[in-house]
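Notes follow the structure.
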Amino acid sequence: QMQLVESGGGLVQAGGSLKLSCAASGDTFSLYAAGWFRQAPGKEREFVGVVSWSGGSGYYADSVKGRFTIYRDNPKNTVYLQMNSLQPEDTADYYCAAGAYGHSLENFDHWGQGTQVTVSS
């Protein structure tokens, strides 16, 4: 059973940057695609982006395209979400997940506990 632990969340001003990390243990992380999702208060969890098992492919939600970047370091069993030009609407709990390549929640079998990101205006 894989465990995923996110870190790096916090409070940042609009226009700022944050880098989230997701450390995996307990299974062969490099066999899985890795995704990031977010959930704002009162809203459903939504797709942010995904990277393939090798890191060679990926895509993003339109709302974050050009501002967020996902990359992974398989020897370290870690995937990262670099977030730039943050806006208040990016405020949410951010979750990493491992599973099949895609953008649906159902693609992912393993989830972290989430880390909170708050962007002040």
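No side-chain heavy atom of Thr91 sits less than 4.5 Å from a side-chain heavy atom of Leu86. Between Val12 and Ser17 the shortest side-chain heavy-atom distance does not fall below 4.5 Å. Inter-residue side-chain proximity for Tyr95 and Leu4 is flagged as unmet; no heavy-atom pair is nearer than 4.5 Å. Counting only heavy atoms from C-beta outward, the side chains of Gln3 and His110 never approach each other to under 4.5 Å.
Residues Leu20 and Trp111 are members of separate hydrophobic clusters, defined by side-chain heavy-atom contacts under 4.5 angstrom among Ile, Leu, Val, Met, Phe, Trp and Tyr.
Taking each heavy atom of Ile70 and Val50 in turn, the nearest pair found is CD1-N, 3.4 Å. Counting all heavy atoms, side chain and backbone alike, Phe68 lies closest to Val48 at CD2-CG1, 3.7 Å. Considering all non-hydrogen atoms of both residues, Arg72 and Ser52 come closest at NH1-O, 2.8 Å.
With sequence neighbours left out, the side chain to side chain donor-acceptor pair (under 3.5 Å) criterion links Asp109 to no other residue.
Interatomic distance, Thr28 OG1 to Asn77 CG, rounded to the nearest 0.5 Å: 8.0 Å. Taking OG from Ser54 and CG from Asn74, the interatomic distance works out to 8.0 Å, rounded to the nearest 0.5 Å. Atom OG of Ser30 and atom NZ of Lys76 lie 15.5 Å apart (nearest 0.5 Å). Expressed to the nearest 0.5 Å, how far CD of Gln87 lies from OG of Ser63 amounts to 12.0 Å.
Using a 3.5 Å distance cut-off with no hydrogens or angles, the side chains of Asp73 and Thr78 do not pair a donor with an acceptor.
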Enumerate donor-acceptor pairs with a distance under 3.5 Å from any side-chain N or O in residues 99-108 to protein atoms, sequence neighbours excluded.
{"from": "Tyr101", "atom 1": "OH", "to": "Gly58", "atom 2": "N", "distance (Å)": "3.2"}
{"from": "His103", "atom 1": "ND1", "to": "Tyr59", "atom 2": "OH", "distance (Å)": "2.8"}
{"from": "Asn107", "atom 1": "ND2", "to": "Ala100", "atom 2": "O", "distance (Å)": "3.4"}
{"from": "Asn107", "atom 1": "ND2", "to": "Tyr101", "atom 2": "O", "distance (Å)": "3.1"}

Distance-only donor-acceptor pairs under 3.5 Å for side chains of residues 32-40, two or more places apart:
{"from": "Tyr32", "atom 1": "OH", "to": "Asp27", "atom 2": "OD2", "distance (Å)": "3.2"}
{"from": "Arg38", "atom 1": "NE", "to": "Glu46", "atom 2": "OE2", "distance (Å)": "2.6"}
{"from": "Arg38", "atom 1": "NH1", "to": "Asp90", "atom 2": "OD1", "distance (Å)": "2.9"}
{"from": "Arg38", "atom 1": "NH1", "to": "Tyr94", "atom 2": "OH", "distance (Å)": "3.0"}
{"from": "Arg38", "atom 1": "NH2", "to": "Glu46", "atom 2": "OE2", "distance (Å)": "3.2"}
{"from": "Gln39", "atom 1": "OE1", "to": "Arg45", "atom 2": "NE", "distance (Å)": "3.4"}
{"from": "Gln39", "atom 1": "NE2", "to": "Lys43", "atom 2": "O", "distance (Å)": "3.1"}

Check: Which is it for Leu11 and Ser120 under the side-chain contact (heavy atoms from CB on, under 4.5 Å) test, yes or no, and what are the steps along the way?
Finding: CA-CA 7 Å; Leu11 174 65; Ser120 63; 4.3 Å; yes
Next item on the list: Report the C-alpha distance between Gln113 and Val5 in whole Å, list the side-chain angles of each, state the deciding distance to 0.1 Å, and finish with yes or no for side-chain contact (heavy atoms from CB on, under 4.5 Å).
Entry: CA-CA 7 Å; Gln113 83 290 347; Val5 179; 4.2 Å; yes
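With hydrogens and angles ignored, the 3.5 Å screen pairs no side-chain donor or acceptor of Glu6 with any backbone N or O of Thr115. Counting only distance, with no hydrogens or angles, the side chain of Asp93 and the backbone of Pro41 share no donor-acceptor pair below 3.5 Å.
Both the sub-6.0 Å distance and the 45° axial angle are satisfied by Lys19 relative to the ring of Tyr80.
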